Amino acid sequence: MIFPVVYNWVIIILRTCFTAIAFRYLPVWLTLDYLADLMYMVDMIITVHTGYLYQGILIKDLSHLKKRYLHSKHFVRDLVSLLPTDFLYLVFGIQTPMVRINRLLRIPRLDEALDRMETRTSSPNTFRITKLMIYIFVLIHWNACLYFALSGYIGFGSDHWVYPNISKPEFASMRRQYFYCFWFSTQIFTTVGDTPLPKREEEYLFMIADLLIAVLVFASIVGNVGNVITSLRDRDNVFFPNHELVKAYLRSHHISKELRQRIDNWYQHLHINKKIMRENEILQQLPLHLRTEIAVSVHLPTLSKVTIFQSCEKSLLEELVLKLTPQVFSPGEYVCRKGDVGHEMYIIKEGKLAVVADDGVTEYAVLTESNFFGEISILNIKGNKSGNRRTANIRSIGYSDLFSLSKEDLTDVLSEFPAAKRLLEEKGRQILTKMGMLEENGEEKQGEEEKVENKINRLERNLEILQTKLARLMMELESSNHKMQARVDQLDLEVAALENQPVEDGEEREKTDLRGEGVGGEVGWEREEAEGEEEEGSDAKVKKQEKGEDDNSLTKEVDGESTKSTEGDVEKMLEVDRSGLKDPDDQEKKEKDDSEKNKEKGDDRPGKGDGAEIEPEEEKEEKSGVLDSEEGAEKAEEDSENKDKKQGDEGQTKNE
Ligand SMILES: Nc1ncnc2c1ncn2[C@@H]1O[C@@H]2COP(=O)(O)O[C@H]2[C@H]1O
């Protein structure tokens, strides 16, 4: 669409203003006119058949496309621009090509075509400048035509400003007419050089309009050229590291001339050989699959030449290729030194490198294109005496282009491709054996180390499980403590209720006394404690509190089962208490049994009746802290029995 649109935009106005040109080449113009019309038609047909994307899907259905085009405003514009206005020649005569002015409406199609070309061209900046120049040319051309027409209207040669008299032979030729007008116009628009001063109002108006347009034209030229230069610089900055900044830095830090020279040389090498250092950064904006394809097409030839990767699957190479980082080393520069910790391996894309001894002169081997090195220290080869340290010095002989591959990336890739890993390790082992740096029983040692590591792992897992169990048990213990506390409180209340019950008759008193024999120890103890509390006041309270706290802390130390046993203990106490309340005879009987039992056990400690209340508790808790759960339960039972007995004794003493 570029040709017909530009043709119409240039020729219609030319023929309108330069009538001599229009008549002279009329058959040519008419042929070209209808050729342009034919192209307009073809363009419409192409537009109808051009599919479009709807929700990401390319619509190609013709009837649908037709319908869409016919209902669009583009169709109206295209149709109007192709209306056969040429019939107006019959009215105005063939010398009025202005009847075809509707053809100019197709200008948006020119824009579209140029935009499409811009995205496809390999040198967009040149294209942008050319496009700008075409637009400016068309503008100057129109201005030139109008200037000639205005001159004709005012009168050729009537003053200095208008076109000179065309009857003069030197200004009579058509070429001269056009070139003069175009030159005049260019002078105005570029504001370069002097233009003759206007004399008439029409001339002034023409000049004012022209100068205003000239400002815009000039601004757009400067702006566009500036943009192009900036984008060229940006491109360079993206492709090559900024040398100027580095230079300024080196100067400000008074870096030695020799080092600065080396750095300059390195930059020079990059620029001359068009080495791009920030490939990964540049391609970052592309989606992964496209990046992979680009990287594969750029680097795969190098990678597939590397011996270890020759037999590898394509998928491995594709993964690897994305992780390669290009690096350039200068002559004499060390890529790695013996004893350094290895963080990456290298693949040689171009150049020569030497494996050198510590003296820096003796060369053990020379590595060339498609070789690789630096893998030994990052592969963790079994029996490698140097561990993760470099086994040799590698020095670049000339400029060398390398790809580096980090340890993490290599490990990632090799974990999925064990065959490649074995190959790499085998090559590393060969070098290590040659150097005598491979331990013979290295594999056994490795095996043992692995075993120990496995054991440690297992133990760690078990420890974690035990910790979880312990936490659960602690929680259970706490809840048991709460429950126990609640029951003891309940017991206190019951005992208090019993104490407050009025004694009505002797029989009742006897019963109460008898009951006192049953639970008297406890009741008495409680009362005594209460009295003691009253007597001793706050001191006793503090003591009791302290004891309670101690109890808590001790109880917390015991495990869940012993807690249960303590609960059982309290349960038994309650049981005893209830039974004591229900039937004094039974209680008496039970007491007798208990005392007999205690006698059998040899538990006839003195002072059990008074002041010994605290002791059994302490004893019980101390023991429950050290005994295991079963022992704790037994002990609790025993203590409970002893306590019952003691309480019984106390009750008896009181009764007496
Ligand atoms: N004799 C040798 N021939 C070829 N390459 C070697 C030789 N000795 C060491 N290398 C390579 O030099 C590298 C130095 O770093 P690494 O030890 O990681 O891995 C080493 C090998 O890849």
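Read the numbers this way: they start at 1 and go in the same order the structure lists the ligands and their atoms. Remember, it's a predicted structure, so these values are computed and weren't measured experimentally. Positions are given from 1 along the sequence.
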Side-chain polar contacts of residues 325-335 - donor-acceptor pairs under 3.5 angstrom, sequence neighbours left out - could you list them?
| from | atom 1 | to | atom 2 | distance (Å) |
| --- | --- | --- | --- | --- |
| Q327 | NE2 | S404 | OG | 3.3 |
| S330 | OG | E333 | OE1 | 3.1 |
| E333 | OE1 | S330 | N | 2.9 |

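Aromatic ring orientation, F403 versus H299: perpendicular (interplanar angle above 60°, classes split at 30° and 60°).
Ranking protein heavy atoms by distance to atom 6 (C) of ligand 1, first place goes to I431 CD1, 3.8 Å. Shortest contact from atom 3 (N) of ligand 1 to any protein heavy atom: A365 CB, 3.8 Å. Of the protein's non-hydrogen atoms, F373 CB, 4.0 Å is the one closest to atom 11 (C) of ligand 1. Scanning the protein heavy atoms around atom 22 (O) of ligand 1, the nearest turns out to be E375 OE1, 2.6 Å. What sits closest to atom 12 (O) of ligand 1 on the protein, heavy atoms only, is I394 CD1, 3.3 Å. Looking only at protein heavy atoms, the nearest one to atom 18 (O) of ligand 1 is S377 OG, 2.6 Å. Remark: minimum distance from atom 15 (O) of ligand 1 to any protein heavy atom is reached at R390 CD, 3.1 Å.
Between E426 and R422 no salt bridge is recorded (no basic side-chain N to carboxylate O distance below 4.0 Å). The pair R461-E464 does not meet the salt-bridge criterion, since no charged nitrogen lies less than 4.0 angstrom from a carboxylate oxygen. K131 has a carboxylate O that lies under 4.0 Å from a charged side-chain N of D115, or vice versa, which qualifies the two as a salt bridge. A salt bridge is defined here as a Lys NZ or Arg NE, NH1 or NH2 lying under 4.0 Å from an Asp or Glu carboxylate O, and E344 with R390 meets this definition.
The heavy atom nearest to atom 14 (C) of ligand 1, considering only A392, S386, G339, A354, is found in A392. Nearest-heavy-atom check against atom 21 (C) of ligand 1 across V355, I376, V356 picks out I376.
Considering both main-chain and side-chain atoms, T391 comes within under 3.5 Å of ligand 1 through a nitrogen or oxygen pair. Polar contact check, K427 against ligand 1: no nitrogen or oxygen pair lies under 3.5 Å apart.
A heavy-atom separation below 4.0 Å is found between M435 and ligand 1. Under a 4.0 Å heavy-atom criterion, G374 is in contact with ligand 1.
In this structure, the side chain of T119 engages the main chain of R116 through a donor-acceptor pair within 3.5 Å.
A cation-pi arrangement is absent between K434 and Y364, since the terminal nitrogen or guanidinium carbon is not both under 6.0 Å from the aromatic centre and inside a 45° cone about the axis.
Applying the salt bridge (Lys or Arg N to Asp or Glu O under 4.0 Å) test to every pair with at least one member in residues 287-305, sequence neighbours left out, gives these pairs: K305-E369.
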